[in-house]
**Q** 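Here you go, one structure.
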Amino acid sequence: DSSWYFMRYCDPKNDQRMVAEGTDYWMPMDQYIGGIEHAILHLLYARFWTKVMRDLGLVKIDEPFTKLLTQGMVLNHIYSRRNQKGGKDYFWPHDVEHLTDASGKVTGAKLKHAAESADGLLPVGTAIDYEGVGTMSKSKNNGVDPQQLVEEYGADTARLFMMFTAPPEQSLEWSDEGVQGAFRFIRRLWKAVYDHVGVGPAPALERGALSTAQKDLRRSAHQALAKVTDDIGRRRTFNTAVAAVMELLNAIGKFDDRSPQGRAVVQEALELAVIALSPMVPHVCHTLWHELGHPEALIDVRWPAVDTEALAQDAITLVVQVNGKLRGQITVPVEADEATVRAAALAEESSLPTHASAQCVSACRYLATILSGLMHGEERDAVLSPDWKPLRELNEIKPLHPLIHEIAKGSFRKKQPPAIKGSGWVVKSLEASLWAFHNARSFEDAVLKAVNLGDDADTTGAICGQLVGAYWGESG
């Protein structure tokens, strides 16, 4: 019966035939969703049985389903212990805590609460075997009670976590921290709506009288709507749909225009955010929709259309690259021709600190040379000497800045991180990279140390670039 029962829904009042005319209208089914077990068992049986019914003249279709979505599995940690009878006892994750090594890798587990087993009540601290991550199963005691989640966070939080953590066709690993993150996002949306409506009703939106910032927020709102519409309707990727609403909420949070039209734009943006999130968070969005001033139930509201005029842009941002390397960004009018764009790009490139860039390349070459010497067994005092042959040859090709050598000598002898604030970022990055390499246990450790030393993006990027270039013996 499970192989064809769904066809009975097409003719619920038919009591004369196995199936009737309703199947001609409703079948085949638009979407079949099931786990991997369904895909190889029930789906196979249903397809076979449909072809039998076709051959018997009961239906006119060849296949029962148009599309298939094989959903992923929910995974969780598995903990067990061999009992004295030779069997396995499994323990709930909330009763166990991990044991880790110095690198943070899980090496075992132990009970943090007393737990029952075939050997009787096991005390706190009993060693438990950690089997890694596997499919949630009642037999392995690694499931999560949805009722407990609903009571603590609400059903919408559980739904949002599962839909946001991974695409529906991929498996997801259960995470209590992820559930809490979903709960915090819902609270952010709730607060944003209540902060907005607490000021009073927003005026009607006047599309022709908006400032640049107001247009930007409207564009963000309708871009999010367009993405959510496509992600849910065509791609079935609910996680990216949620991400689009999160980006929109960030844009709303940064928008500080409290003028009448500013509030009107925020009203529209919040309405679109609530509608877009409603398939994943129906209960909260139902309430927020009423709070935004709408008497009808959200489920009865027609899905909005994207305003193509709101998506229009007056200017676009282009990336400037030279020989494959990023040199900056330029903003030009949408209607700008090639000559205008080229002139803006050349102006952007000419404004860059070319002298600093040359110094950075020179520092990288110097660093690569001395570190290469150290890697090949040269004495430290030798490679730090201006008379060392490789450095003399390098200096003949391109003279080094006098400070570079002094910085190198001082950095290699420092036991504490260099005080790199206040000087030029090229000098800071060279000093930090030399110190990090000298005081690190490994190249990877050197990169971590160097990243922590960088006090801005330019410095951090230059430090890491010099380290990587030096490690591989490259010159720029």
**Q** Is it true that His77 and His98 have ring centroids separated by less than 6.0 Å?
**A**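 His77 vs His98: aromatic centres under 6.0 Å.
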**Q** Between the side chains of Thr50 and Trp4, is a donor N or O closer than 3.5 angstrom to an acceptor N or O?
**A**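 Short answer, no.
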**Q** Can you list the steps and then say if Ser137 with Ser139 is a side chain to side chain donor-acceptor pair (under 3.5 Å)?
**A** CA-CA 5 Å; Ser137 169; Ser139 63; 2.8 Å; yes
**Q** Hey, would you say the Trp190 and Tyr194 ring centroids sit under 6.0 Å apart?
**A**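 Ring centres of Tyr194 and Trp190 closer than 6.0 Å.
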**Q** For Arg81 and Asp119: C-alpha separation, side-chain torsions, deciding distance, then whether salt bridge (Lys or Arg N to Asp or Glu O under 4.0 Å) applies.
**A** CA-CA 10 Å; Arg81 177 181 177 273; Asp119 297 332; 3.0 Å; yes
**Q** Kindly write out the residues that satisfy side chain to side chain contact (heavy atoms under 4.5 Å, CB included) with Ser80, not counting sequence neighbours, or none if the list is empty.
**A**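 With sequence neighbours excluded, Ser80 shows a side chain to side chain contact (heavy atoms under 4.5 Å, CB included) to Lys88, Tyr90, Asp129, Glu131, given in chain and number order.
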**Q** Report yes if the side chains of Met53 and Thr23 come closer than 4.5 Å at any heavy-atom pair, otherwise no.
**A**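 Answer no - side chains too far apart.
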**Q** Find the distance between CG (Leu189) and CD1 (Ile252) and round it off to the nearest 0.5 Å.
**A**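 Rounded to the nearest 0.5 Å, the CG-CD1 separation comes out at 8.0 Å.
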**Q** Are Leu75 and Leu172 close enough that some pair of their side-chain heavy atoms sits under 4.5 Å apart?
**A**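 Side chain of Leu75 against side chain of Leu172, heavy atoms only: no contact under 4.5 Å found.
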**Q** Nearest 0.5 Å please: distance from the CD atom of Glu291 over to the CG atom of Leu270.
**A**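 These two atoms lie 12.5 Å from each other.
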**Q** Taking His283 for its side chain and Asp156 for its backbone only, find out whether a donor-acceptor pair lies under 3.5 Å.
**A**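 Checked: no pair found.
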**Q** Dump the intermediate steps for side chain to side chain donor-acceptor pair (under 3.5 Å) on Glu152 and Gln148, then the final yes or no.
**A** CA-CA 6 Å; Glu152 186 172 357; Gln148 182 179 351; 4.6 Å; no
**Q** Between Leu122, Thr126, Asn83, which is the residue that forms a side-chain contact (heavy atoms from CB on, under 4.5 Å) with Ser117?
**A**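 Testing Ser117 for a side-chain contact (heavy atoms from CB on, under 4.5 Å) against Leu122, Thr126, Asn83 leaves exactly one candidate, Leu122.
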**Q** What's the shortest heavy-atom distance between Val228 and Ala244, and which atoms?
**A**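 The answer is CG2-CB, 4.1 Å.
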**Q** Under a 4.0 Å threshold between the charged nitrogen and the carboxylate oxygen, would Lys227 count as salt-bridged to Asp230?
**A**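 Salt bridge between Asp230 and Lys227, a charged N being under 4.0 Å from a carboxylate O: no.
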**Q** Would you say Arg235's side chain and Ile232's backbone share a donor-acceptor pair under 3.5 angstrom?
**A**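 Checked: no pair found.
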**Q** Are the aromatic rings of Phe65 and Phe6 close, with centres under 6.0 Å apart?
**A**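 Here the rings of Phe6 and Phe65 have centres that are less than 6.0 Å from each other.
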**Q** Give the minimum heavy-atom separation between Leu248 and Ala269, together with the two atoms involved.
**A**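 Taking every non-hydrogen atom into account, CD2-O, 3.8 Å.
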**Q** I would like to know whether Leu318 and Gln329 meet side chain to side chain contact (heavy atoms under 4.5 Å, CB included); could you show each step before the answer?
**A** CA-CA 6 Å; Leu318 301 175; Gln329 293 181 340; over 6 Å; no
**Q** Can you list the steps and then say if Tyr32 with Leu69 is a side chain to side chain contact (heavy atoms under 4.5 Å, CB included)?
**A** CA-CA 6 Å; Tyr32 181 98; Leu69 174 61; over 6 Å; no
**Q** Any idea which heavy atoms bring Ser278 and Leu298 closest together, and the distance?
**A**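 Taking Ser278 first and Leu298 second, the nearest heavy atoms are CB-CD2, 3.5 Å.
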**Q** Is any side-chain heavy atom of Gln180 closer than 4.5 Å to one of Arg184?
**A**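 A side-chain contact under 4.5 Å exists here.
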**Q** Does the ring centre of Phe161 sit less than 6.0 Å away from the ring centre of Trp174?
**A**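 Between Phe161 and Trp174, which both carry aromatic rings, the centre distance is below 6.0 Å.
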**Q** Contact between Met73 and Met136 at the side-chain level, heavy atoms closer than 4.5 Å - yes or no?
**A**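 When only atoms from C-beta onward are counted, Met136 and Met73 do not touch, as no gap falls below 4.5 Å.
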**Q** Side-chain donor-acceptor pair under 3.5 Å between Thr237 and Asn239, yes or no?
**A**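 No pair is found: no donor N or O on one side chain lies under 3.5 Å from an acceptor on the other.
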**Q** Taking C-beta and beyond as the side chain, do Thr100 and Thr107 meet within less than 4.5 Å on heavy atoms?
**A**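 No; the side chains remain at least 4.5 Å from each other.
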**Q** Rounded to the nearest 0.5 Å, what separation is found between the NE2 atom of His113 and the CG atom of Leu111?
**A**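 Spacing of NE2 (His113) from CG (Leu111) equals 9.5 Å.
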**Q** Can you confirm whether more than 12 heavy atoms, excluding those of Trp49, are under 6.0 Å from its CH2 atom?
**A**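 Incorrect, the count does not exceed 12.
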**Q** Just checking, is any N or O donor in the side chain of Glu177 or Ser175 under 3.5 Å from an acceptor N or O on the other one?
**A**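 Looking only at side-chain atoms, Ser175 and Glu177 do form a donor-acceptor pair, the distance falling under 3.5 Å.
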**Q** Minimum heavy-atom separation for Pro279 and Ala276, please, with both atom names.
**A**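 Heavy atoms only, the tightest pair is CD-O, 3.4 Å.
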**Q** Can we say Lys105 and Asp101 salt-bridge, meaning some charged N sits less than 4.0 Å from an Asp/Glu carboxylate O?
**A**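 So Lys105 does not pair with Asp101 through a salt bridge.
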**Q** Do Thr66 side-chain atoms and Met29 backbone N/O form a donor-acceptor pair below 3.5 Å?
**A**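 Looks like yes, one N/O pair under 3.5 Å.
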**Q** Could you check whether His290 and His294 have their ring centres less than 6.0 Å apart?
**A**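 No.
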**Q** Identify whether the distance between the nearest side-chain nitrogen and carboxylate oxygen of Asp307 and Arg218 falls below 4.0 Å.
**A**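 A salt bridge links Asp307 with Arg218.
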**Q** Report yes if the distance between the aromatic ring centroids of Phe91 and Tyr79 is under 6.0 Å, otherwise no.
**A**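 No - the distance between ring centres of Phe91 and Tyr79 does not fall below the 6.0 Å cut-off.
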**Q** Passes side chain to side chain contact (heavy atoms under 4.5 Å, CB included), Thr331 versus Ile316? Steps please.
**A** CA-CA 6 Å; Thr331 301; Ile316 56 175; over 6 Å; no
**Q** Heavy-atom distance under 4.5 Å between the side chains of Thr135 and Val74, does that happen here?
**A**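 Side chain of Thr135 against side chain of Val74, heavy atoms only: no contact under 4.5 Å found.
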**Q** Are the side chains of Leu225 and Trp303 in contact, using a 4.5 Å heavy-atom criterion?
**A**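 In short, these two side chains touch, coming nearer than 4.5 Å.
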**Q** Does the side chain of Asp30 come within less than 4.5 Å of Lys67's, by heavy atoms?
**A**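 No, their side chains stay 4.5 Å or more apart.
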**Q** So, taking the atom named CG in Asp95 and the one named NZ in Lys110, what distance separates them when rounded to the nearest 0.5 Å?
**A**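 The distance works out to 14.0 Å.
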**Q** Using atom types as modelled and distance alone, determine if a side-chain donor or acceptor of Gln214 lies under 3.5 Å from a backbone N or O of Ser211.
**A**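 Flag set: sc Gln214 to bb Ser211 pair under 3.5 Å.
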**Q** Checking the side chain of Arg263 only, and the main-chain atoms of Pro203 only, is there a donor and an acceptor separated by less than 3.5 Å?
**A**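 A pair under 3.5 Å: no.
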**Q** Grab the two heavy atoms, one from Ser2 and one from His42, that are nearest each other, plus how far apart they are.
**A**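 In this case the closest contact between Ser2 and His42 is O-NE2, 2.6 Å.
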**Q** With a cut-off of 6.0 Å (strictly less than), are more than 12 heavy atoms of other residues, nucleotides or ligands near NZ of Lys112?
**A**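 Yes, NZ of Lys112 has more than 12 neighbouring heavy atoms, counting only those of other groups under 6.0 Å.
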**Q** Quick check on Gln31: does its CD atom have over 12 non-hydrogen neighbours (other residues, nucleotides or ligands) under 6.0 Å away?
**A**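 Yes.
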**Q** Verify the neighbour count for atom CD1 of Ile299: are there more than 12 heavy atoms of other residues, nucleotides or ligands below 6.0 Å?
**A**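 No - once you tally the heavy atoms of other residues, nucleotides and ligands closer than 6.0 Å, there are 12 at most.
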**Q** As an exercise, state the distance from NZ of Lys191 to NE2 of His196, rounded to the nearest 0.5 Å.
**A**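 That separation rounds to 13.5 Å.
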**Q** Can you name the closest pair of heavy atoms from Ser171 and Ala166 and give their distance?
**A**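 Distance-wise, the nearest heavy atoms are O-CB, 3.9 Å.
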**Q** Salt bridge or not between Asp89 and Arg82? Use side-chain N to carboxylate O under 4.0 Å.
**A**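 Looking at Arg82 together with Asp89, the answer is no, because their closest N to O distance does not fall below 4.0 Å.
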**Q** Going from CG on Leu68 to CD on Glu169, what distance comes out if it is rounded to the nearest 0.5 angstrom?
**A**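 Result: 11.0 Å between the selected atoms.
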**Q** Quick one about Glu268 and His222 (side-chain donor to acceptor, distance below 3.5 Å, no hydrogens or angles considered), yes or no?
**A**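 Yes, a side-chain donor-acceptor pair sits under 3.5 Å.
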**Q** Side chains of Glu271 and Gln267: donor-acceptor distance under 3.5 Å anywhere?
**A**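 Yes, Gln267 and Glu271 have a side-chain donor paired with an acceptor closer than 3.5 Å.
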**Q** Apply the test side chain to side chain contact (heavy atoms under 4.5 Å, CB included) to residues Leu99 and Tyr130: give CA-CA distance (whole Å), side-chain angles for both, the deciding distance (0.1 Å), then the verdict.
**A** CA-CA 9 Å; Leu99 300 176; Tyr130 175 59; over 6 Å; no
